[in-house]
2 protein chains.
Amino acid sequence: MTSQAADGPETVAASRRSKITPEREREFFDAVLEQIRECGYDSVTMDGVAASTRCSKSTLYRQWKTKPQFVAAALRANRRVRFVGIDTGSLAEDLREVARAAGDWSHKDTKTLQALGQAVTSDEELAKALREALVEPEIAALQDILRRGVERGEVPEGHAALDYVPAMMFGVLRVRPVLTGEYADAGYLVRFVEAVVLPALGLT
Amino acid sequence: MTSQAADGPETVAASRRSKITPEREREFFDAVLEQIRECGYDSVTMDGVAASTRCSKSTLYRQWKTKPQFVAAALRANRRVRFVGIDTGSLAEDLREVARAAGDWSHKDTKTLQALGQAVTSDEELAKALREALVEPEIAALQDILRRGVERGEVPEGHAALDYVPAMMFGVLRVRPVLTGEYADAGYLVRFVEAVVLPALGLT
DNA sequence: CTGTACCGGTACTCGGCCGTATCGGTACAG
DNA sequence: CTGTACCGATACGGCCGAGTACCGGTACAG
(Lines give C-alpha, C1' and ligand atoms only; values in the text may rest on other atoms or scores of the structure.)
Protein backbone atom coordinates (compact mmCIF):
# COMPACT_ATOMS: atom_id res chain seq x y z
CA MET A 1 0.00 0.00 0.00
CA THR A 2 3.02 2.18 -0.07
CA SER A 3 4.50 1.73 -3.51
CA GLN A 4 1.36 0.57 -5.41
CA ALA A 5 -0.69 3.73 -4.82
CA ALA A 6 -0.02 5.12 -8.27
CA ASP A 7 -1.82 8.47 -8.34
CA GLY A 8 0.07 9.43 -11.42
CA PRO A 9 -1.25 11.11 -14.52
CA GLU A 10 -2.82 7.92 -15.98
CA THR A 11 -5.78 7.53 -13.63
CA VAL A 12 -7.50 4.13 -13.75
CA ALA A 13 -10.84 4.47 -15.52
CA ALA A 14 -11.75 0.80 -15.68
CA SER A 15 -15.05 1.12 -13.82
CA ARG A 16 -16.76 3.59 -16.21
CA ARG A 17 -19.46 2.28 -18.49
CA SER A 18 -19.47 5.13 -20.97
CA LYS A 19 -16.18 6.04 -22.47
CA ILE A 20 -17.01 9.72 -22.05
CA THR A 21 -14.84 10.98 -19.23
CA PRO A 22 -16.14 13.77 -17.00
CA GLU A 23 -13.53 16.03 -18.54
CA ARG A 24 -14.83 15.23 -22.00
CA GLU A 25 -18.38 15.87 -20.86
CA ARG A 26 -17.24 19.20 -19.56
CA GLU A 27 -15.91 20.06 -22.99
CA PHE A 28 -19.33 19.40 -24.49
CA PHE A 29 -21.03 21.58 -21.90
CA ASP A 30 -18.54 24.40 -22.25
CA ALA A 31 -18.86 24.32 -26.01
CA VAL A 32 -22.65 24.48 -26.11
CA LEU A 33 -22.85 27.24 -23.51
CA GLU A 34 -20.18 29.23 -25.29
CA GLN A 35 -21.98 28.92 -28.60
CA ILE A 36 -25.26 29.88 -26.98
CA ARG A 37 -23.68 33.02 -25.55
CA GLU A 38 -22.21 33.73 -28.95
CA CYS A 39 -25.11 33.15 -31.31
CA GLY A 40 -28.22 32.46 -29.25
CA TYR A 41 -30.11 29.31 -28.43
CA ASP A 42 -31.92 28.84 -31.71
CA SER A 43 -28.79 29.36 -33.77
CA VAL A 44 -26.86 26.70 -31.90
CA THR A 45 -27.06 23.35 -33.62
CA MET A 46 -26.16 19.92 -32.38
CA ASP A 47 -24.05 19.52 -35.51
CA GLY A 48 -22.17 22.65 -34.58
CA VAL A 49 -21.43 21.49 -31.06
CA ALA A 50 -20.34 18.10 -32.34
CA ALA A 51 -18.07 19.66 -34.92
CA SER A 52 -16.47 22.12 -32.51
CA THR A 53 -15.70 19.35 -30.02
CA ARG A 54 -14.70 16.90 -32.75
CA CYS A 55 -17.20 14.34 -31.55
CA SER A 56 -20.13 12.80 -33.34
CA LYS A 57 -23.72 13.93 -33.16
CA SER A 58 -24.50 10.31 -32.29
CA THR A 59 -22.38 10.61 -29.19
CA LEU A 60 -24.38 13.59 -28.00
CA TYR A 61 -27.71 11.91 -28.70
CA ARG A 62 -26.56 8.75 -26.93
CA GLN A 63 -26.13 10.73 -23.72
CA TRP A 64 -28.98 13.26 -23.98
CA LYS A 65 -32.27 12.69 -25.73
CA THR A 66 -32.98 16.17 -27.08
CA LYS A 67 -31.33 19.52 -27.56
CA PRO A 68 -33.10 21.28 -24.66
CA GLN A 69 -32.24 18.39 -22.33
CA PHE A 70 -28.64 18.65 -23.41
CA VAL A 71 -28.55 22.39 -22.75
CA ALA A 72 -30.31 21.91 -19.41
CA ALA A 73 -27.68 19.38 -18.40
CA ALA A 74 -24.97 21.82 -19.37
CA LEU A 75 -26.56 24.50 -17.21
CA ARG A 76 -26.88 22.16 -14.25
CA ALA A 77 -23.25 21.13 -14.55
CA ASN A 78 -22.30 24.80 -14.66
CA ARG A 79 -24.20 25.52 -11.46
CA ARG A 80 -21.99 26.66 -8.65
CA VAL A 81 -22.23 28.84 -5.61
CA ARG A 82 -21.52 32.49 -6.29
CA PHE A 83 -20.16 35.02 -3.86
CA VAL A 84 -18.85 32.14 -1.79
CA GLY A 85 -16.69 33.19 1.12
CA ILE A 86 -17.74 36.81 1.07
CA ASP A 87 -18.08 37.62 4.76
CA THR A 88 -15.91 40.54 5.80
CA GLY A 89 -17.95 41.41 8.87
CA SER A 90 -19.13 44.66 7.32
CA LEU A 91 -22.23 44.85 5.12
CA ALA A 92 -20.88 47.75 3.11
CA GLU A 93 -17.65 45.94 2.41
CA ASP A 94 -19.50 42.72 1.63
CA LEU A 95 -21.60 44.55 -0.96
CA ARG A 96 -18.52 46.13 -2.52
CA GLU A 97 -17.00 42.67 -2.68
CA VAL A 98 -20.13 41.34 -4.37
CA ALA A 99 -19.86 44.13 -6.92
CA ARG A 100 -16.22 43.31 -7.60
CA ALA A 101 -16.94 39.59 -7.91
CA ALA A 102 -19.95 40.17 -10.15
CA GLY A 103 -17.92 42.38 -12.44
CA ASP A 104 -15.70 39.44 -13.22
CA TRP A 105 -18.17 36.91 -14.53
CA SER A 106 -21.07 39.19 -15.33
CA HIS A 107 -20.29 39.09 -19.04
CA LYS A 108 -20.80 35.37 -19.34
CA ASP A 109 -23.83 35.02 -17.11
CA THR A 110 -25.55 38.04 -18.58
CA LYS A 111 -25.02 36.75 -22.08
CA THR A 112 -26.32 33.34 -21.11
CA LEU A 113 -29.42 34.76 -19.49
CA GLN A 114 -30.03 37.01 -22.46
CA ALA A 115 -29.61 34.21 -24.95
CA LEU A 116 -31.79 31.73 -23.09
CA GLY A 117 -34.39 34.17 -21.84
CA GLN A 118 -36.42 33.49 -24.92
CA ALA A 119 -35.98 29.75 -25.19
CA VAL A 120 -37.20 29.07 -21.66
CA THR A 121 -40.73 30.09 -22.58
CA SER A 122 -41.13 26.88 -24.56
CA ASP A 123 -39.37 24.37 -22.32
CA GLU A 124 -40.12 24.16 -18.64
CA GLU A 125 -37.15 21.93 -17.81
CA LEU A 126 -34.82 24.42 -19.43
CA ALA A 127 -36.41 27.26 -17.51
CA LYS A 128 -35.96 25.38 -14.23
CA ALA A 129 -32.34 24.60 -14.99
CA LEU A 130 -31.66 28.21 -15.88
CA ARG A 131 -33.20 29.53 -12.69
CA GLU A 132 -31.37 27.01 -10.53
CA ALA A 133 -28.05 27.65 -12.24
CA LEU A 134 -27.90 31.39 -12.72
CA VAL A 135 -30.58 33.08 -10.64
CA GLU A 136 -31.38 31.38 -7.38
CA PRO A 137 -27.82 30.78 -6.09
CA GLU A 138 -26.89 34.40 -6.60
CA ILE A 139 -30.06 35.72 -5.04
CA ALA A 140 -29.68 33.38 -2.08
CA ALA A 141 -26.06 34.36 -1.52
CA LEU A 142 -26.93 38.04 -1.68
CA GLN A 143 -29.78 37.60 0.77
CA ASP A 144 -27.46 35.76 3.15
CA ILE A 145 -25.12 38.73 3.09
CA LEU A 146 -28.00 41.10 3.79
CA ARG A 147 -29.33 38.88 6.57
CA ARG A 148 -25.98 38.88 8.32
CA GLY A 149 -25.87 42.66 8.09
CA VAL A 150 -29.27 42.86 9.72
CA GLU A 151 -28.25 40.43 12.44
CA ARG A 152 -25.21 42.57 13.19
CA GLY A 153 -27.55 45.53 13.53
CA GLU A 154 -26.07 47.49 10.65
CA VAL A 155 -29.46 47.84 9.02
CA PRO A 156 -32.76 47.76 10.89
CA GLU A 157 -34.84 44.66 10.23
CA GLY A 158 -37.58 45.31 7.70
CA HIS A 159 -35.81 48.29 6.16
CA ALA A 160 -37.74 49.20 3.03
CA ALA A 161 -34.72 49.08 0.72
CA LEU A 162 -33.70 45.55 1.75
CA ASP A 163 -36.23 43.86 -0.49
CA TYR A 164 -34.98 45.71 -3.54
CA VAL A 165 -31.24 45.11 -3.24
CA PRO A 166 -31.18 41.88 -5.27
CA ALA A 167 -33.39 43.31 -8.01
CA MET A 168 -31.29 46.46 -8.14
CA MET A 169 -27.98 44.67 -8.38
CA PHE A 170 -29.02 42.19 -11.01
CA GLY A 171 -31.13 44.73 -12.81
CA VAL A 172 -28.22 47.09 -13.28
CA LEU A 173 -26.00 44.19 -14.21
CA ARG A 174 -28.31 42.89 -16.89
CA VAL A 175 -29.55 46.13 -18.33
CA ARG A 176 -26.24 47.89 -18.78
CA PRO A 177 -25.46 46.31 -22.16
CA VAL A 178 -28.88 47.30 -23.45
CA LEU A 179 -28.43 50.93 -22.48
CA THR A 180 -24.84 51.58 -23.41
CA GLY A 181 -23.65 48.52 -25.26
CA GLU A 182 -20.99 47.82 -22.65
CA TYR A 183 -21.08 45.19 -19.99
CA ALA A 184 -20.95 46.27 -16.38
CA ASP A 185 -17.45 45.91 -14.99
CA ALA A 186 -16.32 45.83 -11.37
CA GLY A 187 -15.62 49.56 -11.23
CA TYR A 188 -19.06 50.50 -12.48
CA LEU A 189 -20.74 48.16 -10.02
CA VAL A 190 -18.68 49.30 -7.04
CA ARG A 191 -19.53 52.92 -7.82
CA PHE A 192 -23.16 51.91 -8.09
CA VAL A 193 -23.03 50.30 -4.66
CA GLU A 194 -21.45 53.38 -3.16
CA ALA A 195 -23.72 55.89 -4.91
CA VAL A 196 -27.04 54.12 -4.56
CA VAL A 197 -27.17 50.90 -2.55
CA LEU A 198 -25.37 52.07 0.57
CA PRO A 199 -27.23 55.41 0.78
CA ALA A 200 -30.55 53.65 0.26
CA LEU A 201 -29.71 51.30 3.15
CA GLY A 202 -28.75 54.23 5.35
CA LEU A 203 -25.07 53.22 5.43
CA THR A 204 -24.04 56.70 4.25
CA MET B 1 -52.94 76.44 -53.82
CA THR B 2 -55.70 77.78 -51.63
CA SER B 3 -58.87 75.81 -52.31
CA GLN B 4 -57.37 72.59 -53.64
CA ALA B 5 -56.03 71.45 -50.26
CA ALA B 6 -58.76 68.90 -49.60
CA ASP B 7 -58.14 67.57 -46.11
CA GLY B 8 -61.56 65.97 -45.78
CA PRO B 9 -62.28 62.57 -44.25
CA GLU B 10 -61.99 60.77 -47.58
CA THR B 11 -58.39 61.72 -48.13
CA VAL B 12 -57.47 61.63 -51.76
CA ALA B 13 -55.49 58.47 -52.25
CA ALA B 14 -54.72 59.01 -55.89
CA SER B 15 -51.09 59.60 -55.12
CA ARG B 16 -50.69 56.39 -53.14
CA ARG B 17 -49.06 53.64 -55.07
CA SER B 18 -49.87 50.86 -52.64
CA LYS B 19 -53.44 50.09 -51.69
CA ILE B 20 -52.36 49.36 -48.14
CA THR B 21 -53.84 52.07 -45.98
CA PRO B 22 -51.86 53.28 -42.97
CA GLU B 23 -54.48 51.66 -40.75
CA ARG B 24 -53.97 48.35 -42.50
CA GLU B 25 -50.21 48.72 -42.15
CA ARG B 26 -50.72 49.31 -38.46
CA GLU B 27 -52.56 46.00 -38.22
CA PHE B 28 -49.56 44.21 -39.72
CA PHE B 29 -47.19 45.89 -37.29
CA ASP B 30 -49.36 45.23 -34.27
CA ALA B 31 -49.75 41.60 -35.26
CA VAL B 32 -46.06 40.90 -35.71
CA LEU B 33 -45.07 42.67 -32.50
CA GLU B 34 -47.76 40.85 -30.57
CA GLN B 35 -46.63 37.49 -31.91
CA ILE B 36 -43.02 38.34 -31.13
CA ARG B 37 -43.94 39.14 -27.55
CA GLU B 38 -45.89 35.92 -27.41
CA CYS B 39 -43.53 33.39 -28.96
CA GLY B 40 -40.22 35.10 -29.64
CA TYR B 41 -38.60 36.37 -32.78
CA ASP B 42 -37.50 33.08 -34.25
CA SER B 43 -40.87 31.44 -33.74
CA VAL B 44 -42.72 34.18 -35.55
CA THR B 45 -43.25 33.33 -39.20
CA MET B 46 -44.29 35.51 -42.07
CA ASP B 47 -46.98 32.94 -42.82
CA GLY B 48 -48.27 33.33 -39.30
CA VAL B 49 -48.47 37.10 -39.52
CA ALA B 50 -50.15 36.88 -42.91
CA ALA B 51 -52.69 34.38 -41.63
CA SER B 52 -53.53 36.32 -38.47
CA THR B 53 -54.11 39.51 -40.45
CA ARG B 54 -55.85 37.66 -43.29
CA CYS B 55 -53.47 39.07 -45.85
CA SER B 56 -51.12 37.30 -48.20
CA LYS B 57 -47.47 36.62 -47.63
CA SER B 58 -46.95 38.22 -51.04
CA THR B 59 -48.41 41.46 -49.72
CA LEU B 60 -45.90 41.53 -46.88
CA TYR B 61 -42.96 40.79 -49.16
CA ARG B 62 -44.13 43.45 -51.62
CA GLN B 63 -43.75 46.08 -48.93
CA TRP B 64 -40.74 44.79 -47.01
CA LYS B 65 -37.91 42.78 -48.45
CA THR B 66 -37.07 40.51 -45.54
CA LYS B 67 -38.38 39.48 -42.15
CA PRO B 68 -35.94 41.56 -40.08
CA GLN B 69 -36.69 44.64 -42.19
CA PHE B 70 -40.39 44.06 -41.64
CA VAL B 71 -39.91 43.78 -37.88
CA ALA B 72 -37.66 46.84 -37.84
CA ALA B 73 -40.35 48.82 -39.66
CA ALA B 74 -42.90 47.68 -37.10
CA LEU B 75 -40.64 48.85 -34.28
CA ARG B 76 -40.06 52.22 -35.90
CA ALA B 77 -43.80 52.71 -36.39
CA ASN B 78 -44.33 51.82 -32.76
CA ARG B 79 -41.84 54.42 -31.61
CA ARG B 80 -43.37 57.16 -29.51
CA VAL B 81 -42.37 59.45 -26.73
CA ARG B 82 -42.77 57.97 -23.28
CA PHE B 83 -43.38 59.84 -20.05
CA VAL B 84 -44.68 62.73 -22.11
CA GLY B 85 -46.19 65.51 -20.08
CA ILE B 86 -44.73 64.40 -16.77
CA ASP B 87 -43.67 67.69 -15.19
CA THR B 88 -45.24 68.23 -11.79
CA GLY B 89 -42.63 70.68 -10.61
CA SER B 90 -41.30 68.20 -8.03
CA LEU B 91 -38.62 65.66 -8.85
CA ALA B 92 -39.91 63.15 -6.33
CA GLU B 93 -43.42 63.37 -7.70
CA ASP B 94 -42.14 63.19 -11.26
CA LEU B 95 -40.31 59.98 -10.45
CA ARG B 96 -43.37 58.50 -8.80
CA GLU B 97 -45.31 59.43 -11.90
CA VAL B 98 -42.72 57.71 -14.06
CA ALA B 99 -43.06 54.60 -11.94
CA ARG B 100 -46.83 54.64 -12.30
CA ALA B 101 -46.65 55.19 -16.06
CA ALA B 102 -44.01 52.51 -16.51
CA GLY B 103 -46.11 50.02 -14.58
CA ASP B 104 -48.78 50.32 -17.23
CA TRP B 105 -46.89 49.39 -20.37
CA SER B 106 -43.92 47.66 -18.83
CA HIS B 107 -45.34 44.24 -19.67
CA LYS B 108 -45.36 44.85 -23.39
CA ASP B 109 -42.05 46.66 -23.71
CA THR B 110 -40.26 44.25 -21.42
CA LYS B 111 -41.55 41.30 -23.39
CA THR B 112 -40.53 42.92 -26.64
CA LEU B 113 -37.04 43.66 -25.41
CA GLN B 114 -36.68 40.17 -24.03
CA ALA B 115 -37.89 38.55 -27.22
CA LEU B 116 -35.73 40.65 -29.54
CA GLY B 117 -32.67 40.92 -27.31
CA GLN B 118 -31.31 37.83 -28.97
CA ALA B 119 -32.25 38.55 -32.57
CA VAL B 120 -30.52 41.93 -32.62
CA THR B 121 -27.11 40.31 -32.41
CA SER B 122 -27.45 39.14 -35.99
CA ASP B 123 -29.06 42.17 -37.63
CA GLU B 124 -27.72 45.64 -37.08
CA GLU B 125 -30.73 47.41 -38.56
CA LEU B 126 -33.00 45.55 -36.18
CA ALA B 127 -30.77 46.49 -33.27
CA LYS B 128 -30.86 50.15 -34.23
CA ALA B 129 -34.63 50.14 -34.60
CA LEU B 130 -35.02 48.47 -31.22
CA ARG B 131 -32.82 50.98 -29.46
CA GLU B 132 -34.51 53.93 -31.10
CA ALA B 133 -37.98 52.60 -30.37
CA LEU B 134 -37.78 51.22 -26.85
CA VAL B 135 -34.60 52.43 -25.16
CA GLU B 136 -33.47 55.88 -26.18
CA PRO B 137 -36.82 57.73 -25.88
CA GLU B 138 -37.37 56.44 -22.38
CA ILE B 139 -33.84 57.20 -21.26
CA ALA B 140 -33.99 60.68 -22.76
CA ALA B 141 -37.32 61.44 -21.11
CA LEU B 142 -36.03 60.24 -17.75
CA GLN B 143 -32.90 62.33 -18.07
CA ASP B 144 -35.00 65.36 -18.90
CA ILE B 145 -36.92 64.87 -15.69
CA LEU B 146 -33.68 64.56 -13.71
CA ARG B 147 -32.20 67.61 -15.41
CA ARG B 148 -35.20 69.72 -14.48
CA GLY B 149 -34.86 68.57 -10.89
CA VAL B 150 -31.23 69.63 -10.87
CA GLU B 151 -32.08 72.99 -12.41
CA ARG B 152 -34.65 73.57 -9.68
CA GLY B 153 -31.93 72.84 -7.16
CA GLU B 154 -33.62 69.78 -5.68
CA VAL B 155 -30.52 67.68 -6.28
CA PRO B 156 -26.99 69.07 -6.48
CA GLU B 157 -25.50 68.95 -9.95
CA GLY B 158 -23.16 66.00 -10.38
CA HIS B 159 -24.76 63.99 -7.58
CA ALA B 160 -23.27 60.51 -7.74
CA ALA B 161 -26.61 58.72 -7.89
CA LEU B 162 -27.89 60.73 -10.86
CA ASP B 163 -26.02 58.67 -13.43
CA TYR B 164 -27.52 55.44 -12.14
CA VAL B 165 -31.19 56.36 -12.03
CA PRO B 166 -32.01 55.26 -15.59
CA ALA B 167 -30.13 51.99 -15.22
CA MET B 168 -31.80 51.33 -11.88
CA MET B 169 -35.30 52.00 -13.10
CA PHE B 170 -35.05 49.97 -16.26
CA GLY B 171 -32.98 47.32 -14.59
CA VAL B 172 -35.58 46.65 -11.95
CA LEU B 173 -38.28 46.80 -14.58
CA ARG B 174 -36.65 44.25 -16.82
CA VAL B 175 -35.26 41.89 -14.22
CA ARG B 176 -38.34 41.43 -12.11
CA PRO B 177 -39.85 38.69 -14.30
CA VAL B 178 -36.60 36.77 -14.20
CA LEU B 179 -36.42 36.85 -10.42
CA THR B 180 -40.01 36.25 -9.41
CA GLY B 181 -41.88 35.41 -12.59
CA GLU B 182 -44.13 38.44 -12.21
CA TYR B 183 -43.95 41.65 -14.14
CA ALA B 184 -43.31 44.86 -12.24
CA ASP B 185 -46.54 46.75 -11.70
CA ALA B 186 -47.05 50.37 -10.75
CA GLY B 187 -47.23 49.67 -7.02
CA TYR B 188 -43.95 47.76 -6.98
CA LEU B 189 -42.20 50.50 -8.93
CA VAL B 190 -43.56 53.33 -6.81
CA ARG B 191 -42.41 51.56 -3.66
CA PHE B 192 -39.02 51.07 -5.29
CA VAL B 193 -38.78 54.78 -6.03
CA GLU B 194 -39.67 55.64 -2.46
CA ALA B 195 -37.43 53.05 -0.84
CA VAL B 196 -34.35 53.39 -3.02
CA VAL B 197 -34.31 56.11 -5.66
CA LEU B 198 -35.39 59.04 -3.51
CA PRO B 199 -33.11 58.17 -0.56
CA ALA B 200 -30.17 57.69 -2.92
CA LEU B 201 -30.81 61.13 -4.37
CA GLY B 202 -30.99 62.63 -0.89
CA LEU B 203 -34.71 63.44 -1.23
CA THR B 204 -35.46 61.57 2.00
C1' DC C 1 -66.57 49.71 -70.92
C1' DT C 2 -61.70 48.52 -70.85
C1' DG C 3 -57.09 48.40 -69.11
C1' DT C 4 -53.99 48.47 -65.38
C1' DA C 5 -52.12 47.44 -61.23
C1' DC C 6 -52.42 45.82 -56.84
C1' DC C 7 -54.30 42.34 -53.52
C1' DG C 8 -55.07 37.61 -51.72
C1' DG C 9 -54.25 32.70 -52.24
C1' DT C 10 -51.54 28.85 -53.31
C1' DA C 11 -47.98 26.15 -54.89
C1' DC C 12 -43.21 25.86 -55.18
C1' DT C 13 -37.97 25.88 -54.42
C1' DC C 14 -34.28 26.01 -51.40
C1' DG C 15 -31.88 25.44 -47.34
C1' DG C 16 -31.32 24.20 -42.57
C1' DC C 17 -31.73 21.52 -38.45
C1' DC C 18 -33.53 17.74 -35.37
C1' DG C 19 -33.24 13.18 -34.60
C1' DT C 20 -32.28 8.26 -36.46
C1' DA C 21 -29.86 4.59 -38.73
C1' DT C 22 -25.87 2.42 -40.35
C1' DC C 23 -21.05 1.28 -40.76
C1' DG C 24 -16.05 0.87 -39.94
C1' DG C 25 -12.53 1.51 -36.35
C1' DT C 26 -10.75 0.54 -31.94
C1' DA C 27 -10.01 -0.19 -27.03
C1' DC C 28 -10.59 -3.40 -23.60
C1' DA C 29 -12.16 -8.14 -21.48
C1' DG C 30 -11.35 -12.89 -21.18
C1' DC D 1 -6.44 -13.94 -30.23
C1' DT D 2 -11.45 -13.05 -30.34
C1' DG D 3 -15.68 -10.81 -29.01
C1' DT D 4 -18.07 -6.89 -27.38
C1' DA D 5 -19.41 -2.41 -26.95
C1' DC D 6 -18.71 2.18 -27.56
C1' DC D 7 -16.99 6.05 -30.48
C1' DG D 8 -16.79 8.93 -34.80
C1' DA D 9 -18.40 9.68 -39.38
C1' DT D 10 -21.80 9.97 -42.70
C1' DA D 11 -26.05 9.63 -44.85
C1' DC D 12 -30.83 9.96 -44.55
C1' DG D 13 -35.91 11.19 -43.49
C1' DG D 14 -38.94 14.47 -42.01
C1' DC D 15 -40.25 18.91 -41.01
C1' DC D 16 -40.48 23.75 -41.29
C1' DG D 17 -39.73 28.49 -42.63
C1' DA D 18 -37.79 32.23 -45.90
C1' DG D 19 -38.55 34.00 -50.08
C1' DT D 20 -40.46 33.50 -55.17
C1' DA D 21 -43.74 32.72 -58.91
C1' DC D 22 -48.01 32.59 -60.70
C1' DC D 23 -53.03 33.22 -61.10
C1' DG D 24 -57.72 34.90 -60.57
C1' DG D 25 -60.41 38.75 -58.53
C1' DT D 26 -61.31 43.52 -58.16
C1' DA D 27 -61.04 48.49 -57.56
C1' DC D 28 -60.06 52.52 -59.86
C1' DA D 29 -58.59 55.50 -64.17
C1' DG D 30 -59.80 57.13 -68.52
Side-chain angles (χ1 to χ4, degrees), chain A residues 10-29 31-32 35-36 38-74 115-116 118-119 122-123 125-126, chain B residues 6 8 10-29 31-32 35-36 38-74 115-116 118-119 122-123 125-126:
Chain A
E10 58 279 356
T11 319
V12 185
S15 61
R16 281 196 64 81
R17 231 181 307 274
S18 165
K19 294 178 182 172
I20 308 279
T21 65
E23 292 75 18
R24 184 74 169 132
E25 198 179 62
R26 192 56 181 235
E27 290 181 34
F28 298 154
F29 291 160
V32 69
Q35 291 184 26
I36 283 175
E38 206 67 22
C39 321
Y41 177 83
D42 284 310
S43 299
V44 167
T45 69
M46 298 294 266
D47 292 85
V49 175
S52 71
T53 55
R54 281 183 301 281
C55 82
S56 165
K57 209 166 46 156
S58 319
T59 304
L60 298 180
Y61 278 106
R62 265 189 285 265
Q63 306 288 330
W64 303 278
K65 305 209 169 194
T66 67
K67 174 180 167 183
Q69 285 182 20
F70 173 46
V71 174
L116 288 175
Q118 183 49 51
S122 59
D123 189 299
E125 181 187 356
L126 199 55
Chain B
E10 60 279 352
T11 320
V12 186
S15 61
R16 282 194 63 82
R17 237 178 304 273
S18 162
K19 294 178 183 171
I20 308 281
T21 66
E23 292 75 19
R24 183 73 170 133
E25 199 180 59
R26 193 57 180 235
E27 289 181 36
F28 297 154
F29 291 160
V32 69
Q35 290 185 26
I36 282 175
E38 205 70 20
C39 322
Y41 177 83
D42 284 312
S43 299
V44 167
T45 69
M46 297 295 265
D47 292 85
V49 175
S52 71
T53 55
R54 281 183 299 282
C55 81
S56 165
K57 209 166 44 155
S58 320
T59 304
L60 298 180
Y61 277 106
R62 265 190 285 265
Q63 306 287 330
W64 303 278
K65 304 207 170 197
T66 66
K67 174 179 167 182
Q69 285 182 19
F70 173 46
V71 175
L116 288 174
Q118 183 50 51
S122 59
D123 189 298
E125 182 187 355
L126 199 55

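We name chains A, B, ... by the order of the sequence lines, and we start the count at 1 in each one.
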(request) Verify the contact: side-chain N or O of B/Arg24 to OP1 or OP2 of C/dG8, cut-off strictly under 4.0 Å; return yes or no. (result) yes
(request) Provide, to the nearest angstrom, the distance between the CG atom belonging to B/Asp42 and the P atom belonging to D/dC16. (result) 16 Å
(request) Kindly point out which of D/dC6, D/dG8, C/dC18 is positioned nearest to the side chain of A/Asp47? (result) C/dC18
(request) Could you check how far CH2 of A/Trp64 sits from C1' of C/dC18, rounded to whole Å? (result) 17 Å
(request) State whether the side chain of A/Gln35 and the backbone N or O of A/Tyr41 hold a donor-acceptor pair below 3.5 Å, judged by distance alone. (result) no
(message) Return the pairing partner of D/dG19 with a 3.5 Å limit on both distances, Watson-Crick or G-U wobble; otherwise return none.
(response) C/dC12
(message) Could you identify the nucleotide paired to D/dC6, looking across every strand shown and requiring Watson-Crick or G-U wobble geometry with both distances under 3.5 Å?
(response) C/dG25
(request) Respond yes when some side-chain nitrogen or oxygen of B/Thr59 is under 4.0 Å from OP1 or OP2 of C/dG8, and no when none is. (result) yes
(message) Looking at C/dC7, I'd like to know if its phosphate oxygens (OP1 or OP2) sit under 4.0 Å from a side-chain N or O belonging to B/Arg62.
(response) yes
(message) Between A/Lys67 and C/dC18, is there a contact of a side-chain N or O with OP1 or OP2 at under 4.0 Å?
(response) yes
(request) Check whether any side-chain N or O of B/Arg54 sits under 4.0 Å from OP1 or OP2 of C/dG8, and answer yes or no. (result) no
(request) Return the 5'-most residue of the pair A/Ser56, A/Met46 with respect to DNA chain C, ranking by each residue's nearest nucleotide. (result) A/Met46
(request) Return the nearest nucleotide to the side chain of B/Tyr61; candidates are D/dC7, C/dC7, D/dA18. (result) D/dA18
(request) Starting at atom CG of A/Leu60, determine the distance to atom P of D/dA9, rounded to an integer number of angstrom. (result) 11 Å
(message) For B/Val32 versus B/Ala74, what's the shortest heavy-atom pair and its separation?
(response) CG1-CB, 3.7 Å
(message) Let's see if you can work this out: which of C/dC17, D/dT10, C/dC7 has an atom nearest to the side-chain heavy atoms of A/Ser58?
(response) D/dT10
(request) When you get a sec, tell me which of C/dC18, D/dG19, D/dA9 is the closest nucleotide to the side chain of A/Lys57? (result) C/dC18
(message) With a 4.5 Å cut-off on side-chain heavy atoms, are B/Arg62 and B/Thr59 touching?
(response) yes
(request) Take the angle between the ring planes of B/Phe70 and B/Phe29 and call it parallel below 30°, perpendicular above 60°, tilted in between. (result) tilted
(message) Please determine whether a side-chain nitrogen of the Lys or Arg among B/Glu27 and B/Arg24 lies less than 4.0 Å from a carboxylate oxygen of the Asp or Glu.
(response) yes
(request) Grab the NZ-C1' distance between A/Lys19 and D/dC6 for me, whole Å please. (result) 4 Å
(request) Give one of base, sugar-phosphate or nothing for B/Thr45, where a contact means two heavy atoms less than 4.0 Å apart. (result) sugar-phosphate
(request) Give none if D/dG30 has no partner; otherwise give the nucleotide forming a Watson-Crick or G-U wobble pair with it, both distances under 3.5 Å. (result) C/dC1
(request) Would you kindly give the CD1-to-P distance between A/Ile20 and D/dC6, to the nearest whole Å? (result) 11 Å
(request) Return no unless some side-chain N or O of B/Gln63 is found under 4.0 Å from OP1 or OP2 of C/dC7. (result) yes
